[in-house]
Amino acid sequence: MSVKRCYYETLEVERTADDGKLKAAFRKLAMKWHPDRNPGDAASEIRFKEINEAYEVLKDGQKRAAYDRFGHAAFEQGAGGGGPGFGAGFASSFSDIFEDLFGMASQRGRGGRERGADLRYNMEITLEEAFGGKTAQIRVPASVSCTECSGSGAKPGTSPTTCPMCSGAGRVRATQGFFAIERTCPQCHGRGQTIKDPCPKCAGQGRVTEERSLSVNIPSGIEDGTRIRLANEGEAGLRGGPPGDLYIFLAVKPHEFFQRDGADLYCKVPISMTAAALGGSFEVATLDGTQTRVKVPDGTQNGRQFRLKGKGMPVMRQPAVGDLYIQVAVETPQNLTKRQRELLQEFEEISSTENSPQSSGFFARMKDFFESFGN
């Protein structure tokens with residue numbers, strides 16, 4: 001039993017050779033080993049046939065992909081005419097290769113039970129609902145199995161019949177020269193069955209469109225953009241096929257007071273200039289329904305943060321809880337009366353650098369920086 005040479009070796013090219021290099025190599029070798037140039041040389045004739053066979057496979061992207069994956073086994077079992085062919089056992093697997101490589105995959109399986117499509121539902125919730133969790137009721141229009149025909153698509157009292165073209169396989173074999181593949185049956189569209197008397201309610205589809213009410217459990221601590229999957233709650237499959245899934249995409253609405261970063265919350269609270277200077281306190285409401293007092297020490301600067309431990313968001317399906325960060329924004333007085341202005345001017349006159357160390361220090365450094373240009 002002879003062993004076939006590698007097609008790439010036959011054409012004397014690398015496996016990474018592009019179409020241009022393949023063509024150039026073929027022309028060169030074909031001219032060299034052509035029987036007309038080597039009359040009476042049986043070895044040259046055999047070599048010429050090997051070159052043609054190798055080029056016929058490698059010049060075709062689909063055949064080349066099959067050869068790269070399976071080697072000569074891709075073209076064995078029942079090949080006719082001395083060229084590459086496909087046996088009955090390989091036809092099905094090679095069709096699968098096409099699906100993997102060239103995106104021909106389908107949700108329809110053998111026997112015609114086509115899976116229903118997945119559905120998407122967009123839901124908005126408040127930050128309070130994300131904090132505490134909830135059970136929401138939604139209404140979703142979707143295809144459901146037809147009750148009249150029990151999803152078969154056939155008129156009650158009748159049943160689907162085996163497709164005469166594919167004998168119920170859902171696929172037919174097509175042969176073009178030495179190249180053969182399986183494809184979806186054009187008569188039954190891969191279902192393996194045909195319906196002579198379709199159900200009047202669903203027009204032979206085996207499903208009808210209805211609006212359903214579903215319950216969705218939203219866990220505490222859920223984050224914006226989270227996807228919840230409800231298995232088998234998508235569209236019903238054609239003619240008794242399995243249903244798809246329903247995906248709930250959650251969006252958390254912006255809150256009036258709080259901004260969220262993971263499990264932590266942030267809140268900006270304005271305080272008066274005098275409260276920042278003299279100190280004081282204020283109360284903030286938290287998402288757990290309580291109020292917490294925040295103490296402000298005297299001399300508090302704008303932008304200072306205070307951490308309230310355990311007052312943030314719960315972590316979904318975990319006992320951990322984030323923190324709440326309060327950032328104070330010192331508000332400059334506006335619409336001053338004459339007396340208020342006089343008091344502030346008097347305060348400015350009696351103030352020292354110790355009262356405003358940051359501004360005094362900054363301008364002192366800036367002065368030194370400017371004077372350095374004159375030296």
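Please read all numbers here as calculations on a predicted model, not as lab measurements.
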Can you give me every donor-acceptor pair (side chain of residues 129-136, partner residue at least two apart or in another chain, under 3.5 Å) with its distance?
residue	atom	partner	partner atom	Å
Glu129	OE1	Thr126	N	2.9
Glu129	OE2	Lys134	NZ	3.1

Side chain to side chain donor-acceptor pair (under 3.5 Å) involving [X] - partner list, sequence neighbours excluded:
X	answer
Lys201	Thr147
His255	Glu128
Arg64	Tyr8
Arg120	Asn122

Can you list, pair by pair, the side-chain donor-acceptor contacts under 3.5 Å of residues 211-218, counting residues two or more places apart and other chains?
residue	atom	partner	partner atom	Å
Glu211	OE1	Arg139	NE	2.9
Glu211	OE1	Arg139	NH2	3.4
Arg212	NH1	Glu233	OE1	2.8
Arg212	NH2	Glu233	O	2.6
Ser215	OG	Gln137	NE2	3.4

Of all the heavy-atom pairs spanning [X] and [Y], show the shortest one and how long it is.
X	Y	answer
Asp18	Lys21	OD1-N, 2.9 Å
Val328	Gln301	CG2-O, 3.8 Å
Thr162	Ser167	CG2-C, 3.5 Å
Asn302	Ala329	OD1-CA, 3.1 Å
Cys149	Ser152	O-OG, 3.0 Å

Less than 4.0 Å between a side-chain N and a carboxylate O, is that true for [Y] and [X]?
X	Y	answer
Arg47	Glu12	yes
Arg307	Asp323	yes
Lys311	Asp288	yes

> Mind checking what makes ring pair (Phe, Tyr, Trp, His ring centres under 6.0 Å) contact with Phe26, not counting sequence neighbours?
Replying inline: Tyr55

> Is Arg207 close to Val144 at the side-chain level, that is, under 4.5 Å between some pair of heavy atoms?
Replying inline: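 They are not in side-chain contact.
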
> So do Leu127 and Arg260 actually touch side chain to side chain, heavy atoms under 4.5 Å?
Replying inline: yes

List in chain and number order the residues that pass side-chain contact (heavy atoms from CB on, under 4.5 Å) with [X], two or more places apart in sequence or in another chain; answer none if no residue qualifies.
X	answer
Gln334	none
Lys155	Thr158, Asp197, Pro200
Met165	Cys163, Val172, Cys185, Pro186, Gln187

For residues 271-281, which side-chain N or O atoms pair as donor and acceptor with protein atoms under 3.5 Å away, sequence neighbours left out?
residue	atom	partner	partner atom	Å
Ser272	OG	Thr274	OG1	3.1
Ser272	OG	Ala275	N	3.1
Ser281	OG	Arg293	NH1	2.7

>> Tyr121 and side chain to side chain contact (heavy atoms under 4.5 Å, CB included): which single residue from Leu230, Ile228, Ile138, Leu250 fits?
In response: Ile138

> What ring-ring contact (aromatic ring centres under 6.0 Å, His included) pairs are there with at least one residue in residues 276-329, not counting sequence neighbours?
Replying inline: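 For residues 276-329, and leaving out neighbouring residues, the ring-ring contact (aromatic ring centres under 6.0 Å, His included) pairs sorted by first residue read Tyr266-Tyr325.
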
